[in-house]
Structure formats: C-alpha cells, structure tokens
Amino acid sequence: MNLNQITAFRAVMNSASLSDAARKLGRTQPAISLSIRGLEESLGLKLFERQGRQLIPVPEAHYLLAESEEILDRLASVTLTMKSLAGGSAGVLSVSAMPGPAAYIFPHYVASAIETLDRVTLSITSRSSQQIAELVRSQSIDFGFCDTPPEDCPPPPLRPQHSVNRPRAAPRMPPSGPIIRM
C-alpha cells in the first residue's frame, strides 16, 4: 500500500465514477484502475464489487476510507506545518531574559514582532544571567537577554534565519563611554 493508491482510493470513494476520480486527480482512468487493483492486491481483499462499469464498495472499503482520510489529512497537515516552519510563519519562539526585561520589555516587543504570525507560539521565561548564558550555550532557547560578559557566553554556531525589526529604544551611554569617542 502506498500514498498514490490511498489517494486514488479516496478519490474513487468520493466520486461518482472512476473517470470522475481520475479527473479530480489529474490522472487517467486506467491509472486509477491500476492503483485500485494494486491496493486490493497489497491488502489481499477486494474493496469493490464490480457490477458492469460500476464499483460498489464492500464494508471493508468504508473502514479503509475512514483510515485513509486520517492518513491523508495528517499528511496534508504535516506538509503545511513544514512549509510554514521553512517560511518562518510557524513554530515556537523561546525567549529568556532577566526578570525586569522579561516582565516589562519583552512581552510587548516580541508579541508585536510576531503578531501577524498566528502559528507562532511564544514562550518568555525569567531567569538569572548565569542561567540564561547556560541556556544559550546549550541551545535550549532561541534568544537570551542577560548581562553576562560576551567572553563568558560565546555565541552558538547558528545560521541566521529571520530578522526582526530593530527595537525602538537605544542604550544610553555617557559621551565618554566606550562606544562613543570624540
């Protein structure tokens, strides 16, 4: 039994004729007949009684239809999910931050960044800087915000997938700070 046979079987069960099923699948009627015959051989039972040009489903065919619907619907769901993951429009985003940012900054910022992505689940946790650094090192989270010095927390070998709009806030440093020198 293979997916082509199951797809052909479902089309036949939901159509008025083999020709109609073939048309729905964009295949020829002999190809559909061959798929049904192969399915019956692989299962070792007849799924249809043939009365002239009509196919009458046997009781086992109705059971197989219910199982086939589940298989094909699940396959369609997995295909959609994988395409959404590949396109960045679905998945789980796991963020850890220190207590202040986790409670006041990140929920609003991250939620607004993903608000159009209804298939993205967001998880924000509050952890200490040491815990966040360890989660980043073990790649247990997607994004960590902490005050651990960079040498204590080298970036993991990640391949960038997507970027988010820049934050609306910028760090404030005195003019004599290490970033701005005049």
Side-chain angles (χ1 to χ4, degrees), residues 1-97 106-125 134-144 155-166:
M1 178 170 25
N2 63 45
L3 287 175
N4 284 332
Q5 292 170 338
I6 293 172
T7 302
F9 169 75
R10 179 171 74 171
V12 169
M13 289 291 287
N14 293 326
S15 300
S17 66
L18 281 173
S19 300
D20 188 34
R23 201 172 13 266
K24 287 179 181 176
L25 295 175
R27 296 170 62 189
T28 64
Q29 184 270 328
I32 297 298
S33 293
L34 190 62
S35 290
I36 296 299
R37 194 171 307 119
L39 179 61
E40 289 176 329
E41 288 173 7
S42 71
L43 294 174
L45 64 102
K46 292 287 180 192
L47 296 170
F48 299 95
E49 289 183 14
R50 283 142 180 95
Q51 294 179 353
R53 301 187 116 214
Q54 260 189 327
L55 295 179
I56 310 296
V58 299
E60 293 85 357
H62 293 286
Y63 174 77
L64 181 60
L65 177 62
E67 295 292 325
S68 298
E69 295 280 354
E70 284 186 36
I71 291 167
L72 295 171
D73 290 348
R74 183 71 181 126
L75 181 63
S77 174
V78 168
T79 301
L80 177 63
T81 298
M82 296 311 293
K83 286 182 178 180
S84 296
L85 288 171
S89 62
V92 177
L93 178 61
S94 177
V95 176
S96 278
F106 283 105
H108 174 71
Y109 176 72
V110 177
S112 67
I114 66 168
E115 69 185 332
T116 60
L117 305 173
D118 59 342
R119 296 189 64 183
V120 172
T121 303
L122 173 62
S123 168
I124 299 178
T125 57
E134 184 54 39
L135 290 169
V136 168
R137 274 194 290 278
S138 67
Q139 296 186 15
S140 299
I141 57 175
D142 298 309
F143 181 80
L158 297 177
R159 180 172 43 110
Q161 294 286 328
H162 304 281
S163 62
V164 180
N165 294 336
R166 300 182 82 166

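If you read the sequence from its start, that first residue is 1, and numbering goes on from there.
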Exam field: side chain Gln5 to backbone Asn2, donor-acceptor pair closer than 3.5 Å: yes
Search all heavy atoms of Leu43 against all heavy atoms of Leu47 and return the closest pair with its distance. CD1-CD1, 4.2 Å
Here the pair of heavy atoms bringing Phe9 nearest to Leu39 is CB-CD2, 3.6 Å
Pro57 to His62 - nearest heavy-atom pair and separation: CB-NE2, 3.9 Å
Distance (rounded to the nearest 0.5 Å) between Ile141 CD1 and Ser96 OG: 4.0 Å
Give every residue pair that meets the salt bridge (charged side-chain N to carboxylate O under 4.0 Å, His left out) criterion with at least one member in residues 8-17, sequence neighbours excluded. Arg10-Glu69, Arg10-Asp73
Heavy-atom nearest pair, Arg27 first then Ala31, reads NH2-O, 3.7 Å
Answer yes or no: is there a donor N or O on one side and an acceptor on the other, between the side chain of Asp142 and the main chain of Val95, under 3.5 Å? no
Contacts table for residues 18-26: side-chain donor-acceptor under 3.5 angstrom, sequence neighbours left out:
{"from": "Asp20", "atom 1": "OD2", "to": "Ala16", "atom 2": "N", "distance (Å)": "3.4"}
{"from": "Lys24", "atom 1": "NZ", "to": "Asn14", "atom 2": "O", "distance (Å)": "3.2"}
{"from": "Lys24", "atom 1": "NZ", "to": "Ser15", "atom 2": "OG", "distance (Å)": "3.2"}

Of all heavy-atom pairs linking Gly144 and Val136, the shortest is CA-CG2, 4.2 Å
Please say whether more than 12 non-hydrogen atoms of neighbouring residues, nucleotides or ligands are located less than 6.0 Å from CD in Gln54. no
Closest approach of Met1 and Ser42, non-hydrogen atoms and distance? N-OG, 3.4 Å
Which residues share a salt bridge (Lys or Arg N to Asp or Glu O under 4.0 Å) with Arg50, sequence neighbours left out: Glu40
CD of Glu67 to CG of Leu72, rounded to nearest 0.5 Å, is 11.5 Å
Start with the C-alpha distance between Ser68 and Met13, add both sets of side-chain angles, then the distance that settles side chain to side chain contact (heavy atoms under 4.5 Å, CB included), and finish with yes or no. CA-CA 11 Å; Ser68 298; Met13 289 291 287; over 6 Å; no
Rounding to 0.5 Å, atoms CG (Leu75) and CD1 (Ile6) come to a distance of 9.5 Å
